[in-house]
Protein chains: 2
Amino acid sequence: MENKKIRIYVVEDYMLTRITYRHTLPKNNPNLEIIKDFETAEACINAMQQESADVILMDLGLPGINGIEGTHKIRQMNKDVKIIILTSHDSDDEVLASLTAGANAYALKDITPENLAAVIESVNKGAFWLDPRIARIALNLFQRLKSLHVDDMYGEKFNLTARENEVLQMIVDGKSNTEIAKQMIISHNTVKAHVGNILEKLAVTDRVQAAVKSIKMTLIRN
Amino acid sequence: MENKKIRIYVVEDYMLTRITYRHTLPKNNPNLEIIKDFETAEACINAMQQESADVILMDLGLPGINGIEGTHKIRQMNKDVKIIILTSHDSDDEVLASLTAGANAYALKDITPENLAAVIESVNKGAFWLDPRIARIALNLFQRLKSLHVDDMYGEKFNLTARENEVLQMIVDGKSNTEIAKQMIISHNTVKAHVGNILEKLAVTDRVQAAVKSIKMTLIRN
DNA sequence: CAGAAAATATGCCAACTGGGTAATATCATT
DNA sequence: AATGATATTACCCAGTTGGCATATTTTCTG
């Protein structure tokens with residue numbers, strides 16, 4: 001068995017809900033210890049600057065900084081704390097925003113206390129968990145990612161030089177050769193040379209395809 | 001308690017491992033029943049055409065069709081069955097490929113039988129679960145997605161007409177106006193008119209930005 | 001140090017692009 | 001019948017792009 005208790009923060013604007021968690025969670029698993037709870041994300045962020053928790057249960061509908069922004073801010077401060085979104089919201093936007101903000105799990109509030117306790121334990125070990133009712137959103141996302149996948153690139157590097165990478169990035173940003181030249185403080189001709197090399201290395205014929213291809217690639221692989 | 005047993009297929013080329021699962025899983029949770037196991041993905045796919053399981057434990061390193069392709073094929077046949085990747089591989093590529101192939105969970109083989117039983121139950125209910133050691137890969141992916149997020153678009157539609165959408169798609173495919181004209185059997189001038197309208201509606205100044213923006217958008221939202 | 005790779009730069013040219021303006025045709029809605 | 005949205009085509013123009021050939025300087029690497 002575990003010897004260390006899992007230290008939990010709760011961010012939730014309803015007092016009643018906070019009390020419920022304090023009551024039910026340790027009952028389901030004595031290793032779970034709610035050490036602090038907060039009405040607002042701001043309060044939690046402040047507390048985190050003193051002392052971190054292992055796991056944070058985060059509501060989304062909060063006064064002031066909402067749960068998504070709060071998650072983002074906390075994740076920026078601390079990349080180890082595990083953040084579980086615990087909410088009744090289940091819209092695609094909120095789920096995706098939460099995940100991109102750095103949440104480790106997304107649970108709906110009608111989850112049973114036993115399940116929540118299990119999820120907390122699992123997430124505390126580092127797992128990533130999504131409620132059944134919102135898992136499809138992530139799966140859809142992965143499906144859409146797949147359509148962007150460039151098969152013939154698998155395992156390839158393009159061997160772009162540092163300079164070429166800079167230029168490519170600016171192409172993706174929609175800059176013209178002249179703008180790129182100005183920003184890199186080199187001549188317009190040099191930019192053209194770089195662009196030509198990029199097109200050749202990416203095996204495309206124009207900058208649009210270069211931009212599209214590089215977006216697709218950087219999305220899927222490092 | 002549950003009244004129905006969870007019916008499980010196992011796809012794994014090592015007999016010893018299959019035997020281990022048959023032994024340990026029901027011991028940890030009597031609701032788990034391994035009804036069939038297979039040495040190859042092909043065998044499992046064939047069996048699925050007769051009768052589906054609730055959950056499939058899928059190895060990745062299989063002879064013939066590998067686990068990723070197998071997952072993809074099974075997912076195409078049946079969108080309800082829950083597929084848990086159970087492997088010792090932990091490379092980014094394999095994790096992402098598995099998820100985009102339609103896996104519902106990704107576990108590493110040294111998972112304890114108790115945890116595996118818990119994951120199977122959770123996933124059977126529809127949850128999405130990733131092993132702690134590979135969760136970071138998904139989180140990284142979400143982070144990268146975030147950088148593609150276009151905030152000022154939230155909730156906006158661009159009101160592109162059907163024709164403009166066709167053109168935009170071809171822009172993203174890297175086609176020139178002339179190629180687009182040829183493919184749509186309209187004049188080069190008409191394409192220019194459409195492109196002009198697209199640029200205005202997307203509030204961008206050139207086709208590269210139009211392509212990039214539309215990729216970013218379709219990725220994040222529907 | 002020698003050779004290779006990368007970054008820098010120039011010139012020319014044909015093709016492509018985007019802005020502006022204008023006109024006609026079609027279709028659904030009012 | 002009139003209106004508005006969409007689709008279509010044409011023309012001009014300035015600016016951009018990509019291909020090609022070439023060349024110098026810098027940086028890296030063995």
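A note on names: the letters A, B, ... follow the listed sequences, proteins ahead of strands, and every chain is numbered from 1.
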Mind checking if [X] touches a base, just sugar-phosphate, or nothing, with heavy atoms under 4.0 Å?
| X | result |
| --- | --- |
| A:Ala162 | sugar-phosphate |
| B:Asn177 | sugar-phosphate |
| B:Ser176 | sugar-phosphate |
| B:Asp206 | sugar-phosphate |
| B:Thr161 | sugar-phosphate |

Report the distance from atom [atom1] of [X] to atom [atom2] of [N], rounded to the nearest whole Å.
| X | N | atom1 | atom2 | value |
| --- | --- | --- | --- | --- |
| A:Glu166 | C:dA6 | CD | C1' | 13 Å |
| B:Ile198 | C:dG19 | CD1 | P | 12 Å |
| A:Glu179 | C:dT17 | CD | C1' | 15 Å |
| A:Glu200 | D:dC20 | CD | P | 9 Å |
| A:Met184 | C:dA6 | CE | C1' | 12 Å |
| A:His194 | C:dA7 | NE2 | P | 6 Å |
| B:Ile180 | C:dC16 | CD1 | P | 12 Å |
| B:Asn189 | C:dA25 | CG | C1' | 16 Å |

Exercise for the section: I would like to know whether B:Asn104 and B:Arg75 meet side-chain hydrogen bond (donor to acceptor under 3.5 Å, both in side chains); could you show each step before the answer? Expected result: CA-CA 10 Å; B:Asn104 300 78; B:Arg75 176 60 68 226; 2.7 Å; yes

Phosphate-side-chain proximity, [X] and [N], N/O vs OP1/OP2 below 4.0 Å:
| X | N | answer |
| --- | --- | --- |
| A:Ser187 | C:dT8 | no |
| A:Arg207 | D:dT16 | no |
| B:His188 | D:dT9 | no |

Handout entry: N/O donor-acceptor pair, side chain A:Lys192 with base D:dG19, under 3.5 angstrom
Key =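 Under the 3.5 Å cut-off, the side chain and the base do form a donor-acceptor pair.
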
Problem - Test: B:Glu42 and B:Lys73 ion pair at under 4.0 Å - result: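 Looking at B:Glu42 and B:Lys73, the cut-off is not met.
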
Handout entry: A:Asp131/A:Arg136 ion pair, N-O < 4.0 Å
Key =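 A salt bridge is absent here (no side-chain N lies under 4.0 Å from a carboxylate O).
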
Practice task
Assess whether atom CD of B:Glu179 is packed by more than 12 heavy atoms of other residues, nucleotides or ligands within 6.0 Å.
Solution key: yes

Problem - Over 12 foreign heavy atoms within 6.0 Å of CD, B:Gln76 - result: yes

From the options [options], select the nucleotide whose nearest atom is closest to the side chain of [X].
| X | options | answer |
| --- | --- | --- |
| B:Glu164 | D:dT9, C:dG18, D:dA7 | D:dA7 |
| A:Leu199 | D:dG18, D:dT9, C:dT8 | D:dG18 |
| B:Val195 | D:dT8, C:dA7, C:dG18 | C:dG18 |
| A:Thr190 | C:dC16, C:dA9, C:dG18 | C:dA9 |

Practice task
Mind telling me whether B:Tyr9 and B:Phe38 have parallel, tilted or perpendicular rings, with 30° and 60° as the class edges?
Solution key: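 Correct class here is perpendicular.
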
